[in-house]
J.: 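What follows is a single structure, and I will ask about it in a moment.
Below, chain A is the first sequence line, B the second, and so on; all start at residue 1. Because the structure is predicted, anything quoted here is derived from the model rather than measured.
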Amino acid sequence: MEPVIELDGLEVRFGDRTILKNLKAKLTGRSIGLLGPNGAGKSTLINTLLGFHKPTSGTARIFGKDVRTQVREVRSLIGYMPENDAYIASMSGVRFVRLMAELSGLPPEHALERAHEAFFYVGLGEVRYRALGTYSLGMKQAAKLAQAIAHGPKVLFLDEPTNGLDPPARLRMIALIQEIRDRGDLHLLLSSHLLRDVEECCDEVLILKDGNIAAFCNLEEERRANRRFLEVETRGGVNGAFAEAVEKLGCETATGAQGRLKLILPEHLEVRQLYQIAADQNIQIRRLNHKRDSLEDIFLKAMEAADGRL
Amino acid sequence: MAVYKKTYRPYDGGLTSSLTRFLVIPRYAFEEMRKSRFLTVFYITSFIYPLVCALIIYVQHNASALNLLGVQNANRLISINTTFFMNFLGWQSMLALFLAAFTGPGQVSPDLANNALSLYLARPFSRVEYVLGKMWILVVLMSLMTWVPGLLLFMLQAYLEEGWTWMHDNSSVAVGLFVGSWVWLLILALMALALSAWVKVKPAAGALMFGVFFVAAGFGVAINGVQRTRWGHLLNISALIGSVWVHLFGADPAVNNGGVFFRMPQGQELPLWCCWAALAVLCLICLYMLTRKIRGMEVVR
């Protein structure tokens, strides 16, 4: 499978400061999250992929196109929604998006049609003739998304898309991003310091810390793996008998104090069979949790690693 | 698909040529400019002088028109020669300076003020194309005020003189009109964009444009006075361009020292190469200023 984004020893330096340090990764997911604390290098990575910063050494590729030598081709694949306000205040929303689509190479009549479509799609259809300078923050964010998708990119870079949005506006933005992701027509790279945004929208996560890759995980696989990992609290019965019985069914177990048990279910075993065994042995299952190694756990572990790498 | 059908769809249509994509910027800018009544009136007014010149050329060659006016010998008063065309270019170039000062500051500063540059440059669209697109706006407008009517007047005069001989004998005038205008237009366009990129407040950028011409010229005169030199004229951009025009028009510097508003004081002329070099340095400074500011992302080191 061709990687969407490939980082090949990418290093970016501003003066004496090394911002990105020898990054190596192959990102293949449909929706890739870019996480990290402030100053980790998320925006620098996005700007480098866009060709705004020249790599000091190494390179990066988007769908095989080198950001060093094929900037124009790379940019023609990308839709970019920047973190900060970015618009022309005196222009109407639809005119602005049309201009941006034309600069991406769309003929004027197609650009106009798609600008209208994009505005309706992001929910700004009714205000598309208003000057962008009069838009609220939430509307400006949506307008930025509209200009990023109007020309039909193959990869969409979203830099902190929910920045400054109130809860309902954030939910609308997240729903839009999820809808774009689920349509499957394009790939997403979502940069955020909000774990929830990334968890809700992404299936792959790259965590940066101090310019290094601190962790890289496939959230979808993590979720699937976690589904088989249980924590059980039991009462009554003969000590250790329950653990022995489930081990005979192929579970890996670790016994804790006060009837607590951690176990990994094999593929063929269903949870209700545990209840069956417990009932047979006259044991009460007081608590049963699917242990979930959340993105927060992954992130915190990555941040705890001394050198910024797991 | 109807626009109210709220869905996203990929684009699979054709794309425009990347070579002409920079022309998108001037097209949008012209549409915006048309909304300004002041600019429209100013621009139309700027064609009065070329019309007057055309009338003069016509009357000069039309004995019956002179008879009708009762001024049979008037054609001796005005000669259609190098000075006539240099004055035409001088006057129109002055108007071009005003136009650049009015429209130039609004070109880059709004994009910088609201960080729109990152959106322009995140597309298959380079910094050079951006600057070229913005320059195109000014160059087209100013061309229509300077060398286009200038060459039309030249051809009218050649036509009324009835022959290629006049055209051939005065070909340096045509060269002067064309090349001289372009040198001036490029300087004005670059300077307007550079100031627009650095001064985000439009009126301040416009005022600074005049300041660069008039205050710097005054400063140059002060240097000349204090130091008893003539090198202070290196700061007088209009005098520098005037000297270049004299050369391009093939005029005699002892007789003709530049068009209206662009005259180098007699006896204080600078070597021609110094004038060219000073103008080149000015252009390089403007380009450097643009390079520093026209970026997708500003790097804080």
Side-chain angles (χ1 to χ4, degrees), chain A residues 14-17 43-44 47 50-53 71-76 78-80 82 84-91 95-96 98-108 110 113-114 116-121 123 125 132-133 144 147-154 157 179-180 183 185-186, chain B residues 1-29 31-33 35-36 106-130 133 200 202 294-301:
Chain A
F14 297 152
D16 297 335
R17 285 188 302 144
S43 294
T44 305
N47 291 332
L50 283 165
F52 292 163
H53 305 317
V71 182
R72 212 178 172 95
E73 289 90 336
V74 165
R75 285 177 183 168
S76 65
I78 297 173
Y80 174 48
N84 301 319
D85 269 355
Y87 55 91
I88 301 171
S90 59
M91 250 188 203
R95 195 170 149 75
F96 173 68
R98 183 190 173 190
L99 166 65
M100 290 300 148
E102 281 193 50
L103 290 177
S104 296
L106 269 66
H110 288 187
E113 187 187 353
R114 289 188 65 91
H116 282 285
E117 280 177 24
F119 253 77
F120 272 99
Y121 183 62
L132 281 161
K144 278 196 290 180
Q147 64 77 31
I149 60 173
H151 56 288
K154 287 213 168 72
F157 285 6
E179 198 183 319
I180 293 172
R183 280 190 60 85
D185 297 317
L186 45 74
Chain B
M1 185 180 69
V3 292
Y4 59 82
K5 288 181 182 169
K6 298 174 187 173
T7 184
Y8 172 78
R9 63 189 172 114
Y11 178 71
D12 47 14
L15 296 177
T16 53
S17 162
S18 58
L19 292 175
T20 54
R21 207 167 289 164
F22 72 93
L23 293 173
V24 171
I25 290 185
R27 183 153 53 78
Y28 275 77
E31 284 172 25
E32 287 293 316
M33 277 179 195
K35 292 178 193 164
S36 165
Q107 298 304 318
V108 182
S109 54
D111 295 342
L112 281 169
N114 297 303
N115 303 313
L117 270 182
S118 59
L119 298 183
Y120 280 97
L121 302 178
R123 290 158 207 286
F125 195 72
S126 67
R127 294 156 75 190
V128 174
E129 283 170 300
Y130 176 83
K200 287 182 183 171
K202 276 202 267 182
I294 309 298
R295 287 167 187 266
M297 195 56 57
E298 195 144 5
V299 178
V300 181
R301 288 177 195 275

J.: If you take all heavy atoms of Y80(A) and L119(B), which pair is closest and at what distance?
T.: O-CD2, 3.9 Å
J.: Is there a donor-acceptor contact under 3.5 Å from the side chain of D85(A) to the main chain of N114(B)?
T.: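 No, the answer is negative, given that no donor and acceptor are paired below the 3.5 Å cut-off.
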J.: For A86(A) versus S118(B), what's the shortest heavy-atom pair and its separation?
T.: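 Minimum heavy-atom contact is CB-OG, 4.2 Å.
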J.: By a 4.5 Å heavy-atom criterion (distance strictly below it), what part of H110(A) contacts chain B: side chain, backbone, both, or neither?
T.: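 The side chain, not the backbone.
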J.: What part of E32(B) gets closer than 4.5 Å to chain A, counting heavy atoms only: side chain, backbone, both or neither?
T.: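 Both parts, backbone and side chain.
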J.: Between M91(A), R98(A), R95(A), who has the most heavy-atom pairs with chain B when the cutoff is under 4.5 Å?
T.: R95(A)
J.: Over all heavy atoms of both residues, which pair between S104(A) and R123(B) is shortest? Give the atoms and the distance, please.
T.: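 The answer is OG-NH1, 2.8 Å.
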J.: Please rank P110(B), S18(B), G13(B) by heavy-atom pairs under 4.5 Å with chain A and give me the top one.
T.: S18(B)
J.: Checking the side chain of T16(B) only, and the main-chain atoms of G105(A) only, is there a donor and an acceptor separated by less than 3.5 Å?
T.: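 Answer holds: yes.
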J.: Which region of S17(B), side chain (C-beta onward) or backbone (N, CA, C, O), has a non-hydrogen atom less than 4.5 Å from a non-hydrogen atom of chain A, or is it both or neither?
T.: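 For S17(B), there is no contact with chain A at all, as no heavy atom is under 4.5 Å.
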J.: Can a donor-acceptor pair be found, under 3.5 Å and without considering hydrogens, that links the side chain of R75(A) to the backbone of S126(B)?
T.: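 No.
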J.: With a 4.5 angstrom heavy-atom cut-off, is it the side chain or the backbone of R72(A) that approaches chain B, or both, or neither?
T.: both
J.: P153(A) versus chain B, heavy atoms under 4.5 Å apart: side chain, backbone, both or neither?
T.: both
J.: If you round to the nearest 0.5 Å, how far is CZ of R114(A) from CZ of R9(B)?
T.: 5.5 Å
J.: Is R127(B) in contact with chain A via its backbone, its side chain, both, or neither, using a 4.5 Å heavy-atom distance?
T.: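 Interface part for R127(B): neither.
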